[in-house]
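Data block below; observations after.
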Amino acid sequence: MEGSVRPFVNFNAKHDAEVLHKAMKGIGTDEDTILMLLAARSNDQRQQIKAAYKKAYGKDLLSALKSELGGLLESLIVALMTPPRSYDASQLHKALKGAGTDDDVLIEILASRTGEQVKDVIKVYKKEFGSKLEKDVCGDTSGHYQKLLVILLQGSREEGVDESKIEKDAQDLYAAGEGKFGTDEEKFITILGNRSAEHLRKVFDAYKKLSGSDIEDSIKGETTGNLEGLLLAVVKCAKSVPEYFAESLYKSMRRAGTDDDTLMRIMVSRSEVDMLDIRASVQYITEPKCNLTGLVKCFLFYCGYH
């Protein structure tokens, strides 16, 4: 996997801090310079710039940026300046707090992150928000959907491929759905929530040979609502995380109005991970028909989409 944002060559945190300071002082703000500089640095380098800025000017860089910016640009810059796991934790907290729950965010993050990443997010969440992520998730969800989320929060998928379980897992999934009247959701949750991605891909192949249809078709026919959405996300991520995010990007831009939150969250969180792989799966992202805001077009440009 390859990201579109890499560490900047000949990086100098002190120099970058000076450039940002000049872009913000006086009347008006040089927004282009701020975006161009920060989008071309890795997250680790941005943290070094933040430290250099505080040492040189005696104030927090993020606070200074917030006071000079607004709207979507402010949101994007804040996201870029936030360490990856802190960003995930903040997005989950935002999705859970207040009235209602943003299940799309819960599904996206918990289905796509590795076990170690999930464990790190849990630690950061507790430190920054003083609450246990699992407790907050359970307080906002219920049923089989909640059970699968809790399994994913354990971050303890099995490793490797167990050849002796492939056929049985495929048969169990078939028997739990298409092969019976009603649905055994527990079986879907146990297998899809605990097996490794490599193992699941072999199970999906075996399932298609057994049933004549894809596992996604079975899930769509046997489940509904948030459980269906989470199961499908788990399956898609097991097959290909970049393709999962490519589809999510497409959905965020296909309607009359762009889902800026989703678009920004994916671009920022995947920029150093697998954005070039996502781009290979979503070539239409640069087509004129795409409903991209000027802000995101600019970010895409600086991330190598030109």
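Along the sequence shown, the residues carry numbers beginning at 1.
Side-chain contact of S86 with E128: a donor-acceptor pair under 3.5 Å is present, judged by distance alone. For the 3.5 Å distance criterion, the side chains of Q154 and E134 qualify, holding a donor opposite an acceptor. A donor and an acceptor atom, one from each side chain of S164 and D162, are located under 3.5 Å apart. Looking only at atom types and distance, the side chain of T101 has a donor-acceptor partner in the side chain of D140 under 3.5 Å away. Between the side chains of D136 and H93, not a single donor N or O lies within less than 3.5 Å of an accepting N or O. D103 and Y145 share a donor-acceptor pair across their side chains, judged by distance under 3.5 Å alone. In summary, the side chains of Y207 and E178 do present a donor paired with an acceptor at a separation below 3.5 Å, with no hydrogens or angles considered.
The residues R41 and D16 are annotated as salt-bridged, a charged nitrogen and a carboxylate oxygen being separated by less than 4.0 angstrom. A salt bridge does not link R6 to E272: none of the charged nitrogens lies less than 4.0 Å from a carboxylate oxygen.
When all heavy atoms of K119 and G155 are compared, the closest pair comes out as CE-O, 3.3 Å.
With a 4.5 Å cut-off on side-chain heavy atoms, R46 and L80 count as touching. H144 has its side chain out of reach of L148: every pair of non-hydrogen atoms, C-beta onward, lies at least 4.5 Å apart. When side chains are defined from C-beta on, C138 counts as touching V150, because their heavy atoms get closer than 4.5 Å.
For the side-chain contact (heavy atoms from CB on, under 4.5 Å) test with S218, the passing option among K220, E222, E216 is E222; the others fail.
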